[in-house]
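As structure tokens, the structure follows; a few thoughts come after it.
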Amino acid sequence: MSSARSEATMADVAHRAGVSVSTVSRTLRGLSTVSDPTRARVEAAARELSFAITRSASSLVTGRTGRVAVLMPNLASWFLSSALSGMAPALREAGLDLLVYSVTDVHERADFFDRLPARRNADALLVVSFALTPAERARLDDLGMPLIFVSQHAPGRPSVYVDDEDAALRGTRHLINLGHRRIAFLQTFDETGFAWSSKNRLAGHLRALADAGLEHNPSLVMSVPDWKGSGMATAVGRLMSLQDPPTALFAETDDLAFRLLAALRAANVAVPGQVSVMGFDDHVMAGVLGLTTLAQPAVELGRTAVRLTRSVIDNSDGAHERHIVLPTELVPRGSTGPPPAAER
């Protein structure tokens, strides 16, 4: 009866090649600190023993896992999935694995921060579009790994983001330049605390109104509960039944704007004949539906975040305090135009 052949270890490769275990690890991870003759001996020994380096074996030598964790609210939104699609190939090119934690509701959120599953499982944690409470921020600090913030500015921490306030200011200014004076701002209603962009985008909108000498009317800022269901129809009904209804509607995201366009169509409100609509993101469907929007480079945010993460992991000078702001661009399409003649 033959005995099963035991699996080769890194120590076996080191013994056969006549080098140390750490030299085997450096060689098989492709580091340039190994001489060509030594590399050839180690690779030959690894082939003879049918050995392939594992993440766990490598981490014993380097203290690194070769893995990056990502924390995000969900995977369903176009923006978040686009950012993730930018991260994945960039991490793969860097020889890093991707570990995603999608926290979609308050129960999952509480469980994540109670267990902190990313502990010791990754070399860095990317926090994507996630509005942390001070207590949650402190818990992540306890992980003892670099934190990189994506699509949000984090003072004192490396972050990659767009200037939401400036973009929204330019969007509202575009509507004002078209002749609109009553502009409503619609935002998602999120009691779970996942929202991250509403505050800054609303601030930019209000700044543009103030710069133009237009009075802020609180009735024209509306949070929309159940916006994926009947909430948007209710919001449209309330806005259009005002004694002096708005002639332009600025939606916090393109996803919200799409629901808004559908609700206006159902109510027989002409766009842009009676009311103009603007979004934020430049979702892949924005061009198809003719939506004027503020484009942000979602995929490039993901790619840039990975480059910054690699710098942080490698302890590059200044990387731990670096902030990268990517540009946004106004994309005018058919959903915006001058207000009705009576309003000009």
Side-chain angles (χ1 to χ4, degrees), residues 68-84 86-87 100-118 124-143 145-169 185-207 221-228 231 250-256 279-281 283 294 296 298 301-302 304-305 308-309 323-326 328:
V68 170
V70 176
L71 171 64
M72 54 176 50
N74 61 72
L75 300 176
S77 82
W78 170 85
F79 172 78
L80 291 173
S81 62
S82 295
L84 192 61
M87 292 177 192
V100 179
Y101 294 103
S102 177
V103 179
T104 60
D105 59 41
V106 291
H107 302 295
E108 290 183 1
R109 184 174 186 145
D111 182 64
F112 176 88
F113 286 99
D114 180 56
R115 296 187 302 111
L116 287 183
L125 176 64
L126 279 68
V127 182
V128 185
S129 303
F130 204 106
L132 298 172
T133 67
E136 290 169 345
R137 177 73 169 269
R139 287 286 284 160
L140 291 184
D141 285 336
D142 289 341
L143 286 171
M145 70 169 71
L147 302 180
I148 295 89
F149 290 82
V150 185
S151 189
Q152 56 195 115
H153 174 63
R157 295 303 184 94
S159 50
V160 180
Y161 56 98
V162 301
D163 190 334
D164 285 298
E165 182 172 339
D166 177 72
L169 179 147
F185 187 88
L186 284 80
Q187 58 192 355
T188 56
F189 179 80
D190 186 2
E191 61 185 3
T192 65
F194 287 118
W196 70 95
S197 59
S198 294
K199 182 178 179 180
N200 290 336
R201 293 178 188 179
L202 176 58
H205 167 70
L206 297 180
R207 229 175 87 203
V221 176
M222 185 168 291
S223 294
V224 187
D226 187 29
W227 62 273
K228 293 183 180 180
F250 190 167
E252 174 200 351
T253 67
D254 282 356
D255 282 326
L256 197 65
F280 196 119
D281 277 336
H283 185 292
L294 281 306
Q296 61 170 325
L301 274 167
T304 304
L308 180 57
T309 299
H323 302 289
I324 302 174
V325 184
L326 297 185
T328 58

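Every heavy atom of this structure was used, including side-chain atoms; hydrogens, water molecules and symmetry mates were not. For the single chain, residues carry numbers from 1 onward in sequence order. Fair warning: this is a prediction, and the values are worked out from it, not measured in the lab.
Between F112 and R139, the closest side-chain pair of non-hydrogen atoms is not below 4.5 Å. At a threshold of 4.5 Å between non-hydrogen side-chain atoms, the residues L206 and F185 do not count as touching. Proximity of M72 to V150: side-chain heavy atoms (C-beta onward) are nowhere separated by under 4.5 Å. Two residues are said to be in side-chain contact when any heavy atoms from C-beta on lie closer than 4.5 Å; Q296 and F79 meet this criterion. Contact annotation: the side chain of T309 never approaches that of P146 to less than 4.5 Å [non-hydrogen atoms, C-beta and beyond]. You'll find the side chain of W78 stays beyond 4.5 Å of the side chain of D254, heavy atoms only. In this structure the side chain of R157 reaches within 4.5 angstrom of the side chain of D141, judged on heavy atoms.
Side-chain contact, S223 with Q187: a donor N or O sits under 3.5 Å from an acceptor N or O.
Without hydrogens or angle criteria, D281 side chain to H283 main chain gives no donor-acceptor distance under 3.5 Å. No donor-acceptor pair closer than 3.5 Å links the side chain of T304 to the backbone N or O of L301. Checked by atom type and distance alone, the side chain of Q152 pairs as donor or acceptor with a backbone atom of S129 at under 3.5 Å. A distance-only check finds no donor-acceptor pair linking the side chain of H153 to the backbone of V162 [under 3.5 Å]. For E136 (side chain) and F113 (main-chain N/O), no donor-acceptor pair under 3.5 Å exists by modelled atom type.
Note that CG of L125 is 8.0 Å distant from CZ of F149, once rounded to the nearest 0.5 Å.
Counting all heavy atoms, side chain and backbone alike, E252 lies closest to F280 at O-CB, 3.1 Å. When all heavy atoms are compared, the tightest approach of S81 to L75 is CB-O, 3.8 Å.
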